[in-house]
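Just below is one structure, and these are the notes that go with it.
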Amino acid sequence: MRYMVILRATSLPATPPPAELMEAIAKLGEEATGAGALLDTAGLAPSAEGVRIELAGGRLSVTDGPFAEAKELISYALYQVRSKEEATEWTSRFLKVHRDHWEGWEGEADVLRVFGPEDFAAPA
Amino acid sequence: MTVGDPHRVVEAVWRIESARVIAGLARMVHDVGLAEELAQDALVIALEQWPRSGVPDNPGAWLMLTAKHRAIDLLRRRTRYEQKLEEVGRDMEIRQEAAEAELDDALDDHIGDDVLRLLFTACHPVLPVEGRLALTLRLLGGLTTEEIARAFLVPEPTVGQRIFRAKRTLTEKRVRIEMPAPAELGDRLSSVLEVIYLIFNEGYSATAGDDWMRPSLSEEALRLGRILVGLMPGEAEVHGLVALMELQASRTRARTGPDGGPVLLLDQDRGLWDRLLIRRGLDALGRAEALGTLGPYGLQAAIAACHARASSAGDTDWERMAALYRVLAHVSPSPVVELNRAVAVGMAYGPARGLEIVDGLVAERALKGYPQLPAVRGDLLAKLGRHDEAREEFGRAAGLTRNERERALFLGRAAATAEVP
């Protein structure tokens with residue numbers, strides 16, 4: 001099963017991310033890759049550099065970032081795991097690394113299952 | 001705040017950590033069976049404690065430490081382990097004193113090597129192939145006996161027996177849990193790769209839908225392959241195998257039609273191929289190529305890449321594929337490779353050239369009863385306009401296959417051939 005994890009920061013400290021955090025993130029990433037769980041991951045630039053396109057009432061509108069909700073998307077990760085709990089465990093470890101190395105940082109992660117072949121299987 | 005079922009949380013942690021815990025214990029007690037038993041004990045304790053106390057911050061180290069304490073208890077209590085106690089007891093007494101953090105560091109240094117040694121032990125050639133498969137899934141995959149049984153469609157006690165016998169054989173034959181000597185490494189690694197690819201195919205050849213356990217065997221094999229790549233980044237064939245599995249797995253969604261029937265590769269909707277897996281597969285193939293000459297898995301991956309790189313079936317580089325098959329037939333000759341080469345040659349240089357190769361295989365004993373032989377021959381004959389012969393071949397293929405879906409496909413081709421004047 002694949003899970004897409006989207007990480008948002010809800011509170012960013014004034015201090016830049018410490019080197020220890022980056023090290024710990026890299027180490028965890030290696031571990032998850034080495035465990036065959038992490039398929040893909042990338043950091044996301046602040047929404048100030050992004051664009052939002054909306055369709056409402058039949059009209060398309062394009063808005064430059066930053067978007068109204070202040071929560072910044074920080075990164076996404078794509079895991080291949082055997083259960084939701086396993087994706088949850090990897091993601092928890094990722095948040096714990098932030099807790100342990102960057103005081104004041106707060107955030108949230110959504111763990112969403114990506115549809116796979118099993119969802120398109122023909123009825124038996 | 002909501003938290004999932006604590007047992008499922010423990011199970012997830014177990015899946016992530018068990019191979020490393022068992023591997024670390026195996027290094028200390030020099031016995032795979034005992035190591036697994038101890039790790040299981042730690043799991044049971046975790047199942048009792050974690051739902052109440054929460055999952056510890058470093059669950060792997062927790063499981064390891066708990067298992068080690070169990071090991072010391074067990075070794076003290078059971079006289080049959082007296083000899084082992086002598087061997088390892090002193091080492092463990094000293095280590096027991098170590099702080100958890102220290103232990104953690106010590107583990108980090110060994111984890112990769114331990115897991116690798118465990119994998120080579122589980123795939124040891126003294127074991128029959130079913131024993132290797134079951135033991136690998138059990139020790140490296142963290143699968144339960146029941147899950148393995150469901151995956152291989154055999155009764156649970158059979159799997160239990162296979163695992164039991166495999167562990168006993170390792171003990172009886174005094175197989176040491178260590179990396180093979182350089183002279184042996186090639187053969188031993190082949191055995192590991194073979195086991196992983198067998199697991200992959202067991203899942204891949206199963207039709208999707210019936211039971212999730214079978215398709216997920218392929219995922220398990222891919223996971224093992226990706227782990228192995230991390231542990232042996234210098235081995236071209238490891239990258240080759242992973243490339244092959246990634247590329248094959250990329251087609252999973254396109255392999256069955258809406259009615260559940262198989263869709264042949266050239267008829268597949270390439271829009272359903274998984275781009276991420278293709279990219280990963282091509283990257284892995286690139287790494288294999290960069291490391292040196294491709295072996296059998298790398299060559300098969302290179303062949304699979306010819307399909308993956310083509311935006312439509314018509315764009316396929318059949319000449320390259322035919323050439324790759326020729327190399328593969330040289331490196332790893334088999335009638336099945338030769339039959340596949342015939343298909344590629346037929347596409348690259350015309351059906352008559354392909355048919356020449358197939359005709360040379362008709363008398364091949366190994367392909368007697370292999371439905372793909374008449375199917376390929378029928379296809380080439382149909383392209384040459386020899387419809388009566390083609391129809392006969394498709395009928396023969398339908399009579400040979402044991403897969404109902406495939407039978408329908410062959411009968412359909414026979415009927416379609418009959419309609420051609």
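Every value quoted in this text rests on a predicted model; they were computed, and no experiment measured them. Each chain gets a letter, A, B and so on, in the order its sequence line appears, and its residues count up from 1.
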Problem set entry | Nearest heavy atoms of B:Val9 and A:Glu85, plus distance in Å | N-CG, 3.9 Å
Exercise. Mind checking whether A:Val81 and B:Arg15 have side chains closer than 4.5 Å, heavy atoms only?
Worked result: no
Seminar exercise, completed: Closest non-hydrogen contact found for B:Ile16 with A:Arg93 is CG2-NH1, 3.9 Å
Exercise. Any side-chain heavy atom of A:Thr33 within less than 4.5 Å of one from B:Arg226?
Worked result: no
Problem set entry | Interface moiety of B:Glu11 toward chain A, non-hydrogen atoms closer than 4.5 Å | neither
For this session: Test side-chain contact (heavy atoms from CB on, under 4.5 Å) on A:Asp40 and B:Arg279 and set out the steps.
Result: CA-CA 11 Å; A:Asp40 192 24; B:Arg279 194 188 84 209; 3.6 Å; yes
Problem set entry | side-chain contact (heavy atoms from CB on, under 4.5 Å) evaluation trace for B:Arg8 with A:Thr88 | CA-CA 11 Å; B:Arg8 295 203 44 150; A:Thr88 307; over 6 Å; no
Exercise. Is it the case that more than 12 heavy atoms not belonging to A:Glu54 sit under 6.0 Å from its CD atom?
Worked result: yes
Exercise. Are B:Leu276 and A:Arg2 close enough that some pair of their side-chain heavy atoms sits under 4.5 Å apart?
Worked result: yes
Seminar exercise, completed: When every non-hydrogen atom of B:Gly141 is compared with those of A:Arg82, the smallest separation belongs to O-NH1, 2.8 Å
Problem set entry | Closest non-hydrogen atom pair, A:Lys96 against B:Pro56 | NZ-O, 4.1 Å
Problem set entry | Contact origin within B:Glu17 toward chain A - heavy atom pairs under 4.5 Å | side chain
For this session: Could you tell me which portion of A:Glu31 (side chain, backbone, both or neither) has an atom closer than 4.5 angstrom to a non-hydrogen atom of chain B?
Result: side chain
Exercise. Based on non-hydrogen pairs under 4.5 Å, which of B:Val229, B:Asp57, B:Leu272 is most in contact with chain A?
Worked result: B:Asp57
Problem set entry | Part of A:Leu78 within contact of chain B (heavy atom distance under 4.5 Å) | side chain
Exercise. Does B:Glu219 reach the main-chain N or O of A:Met1 with its side chain, forming a donor-acceptor pair under 3.5 Å?
Worked result: yes
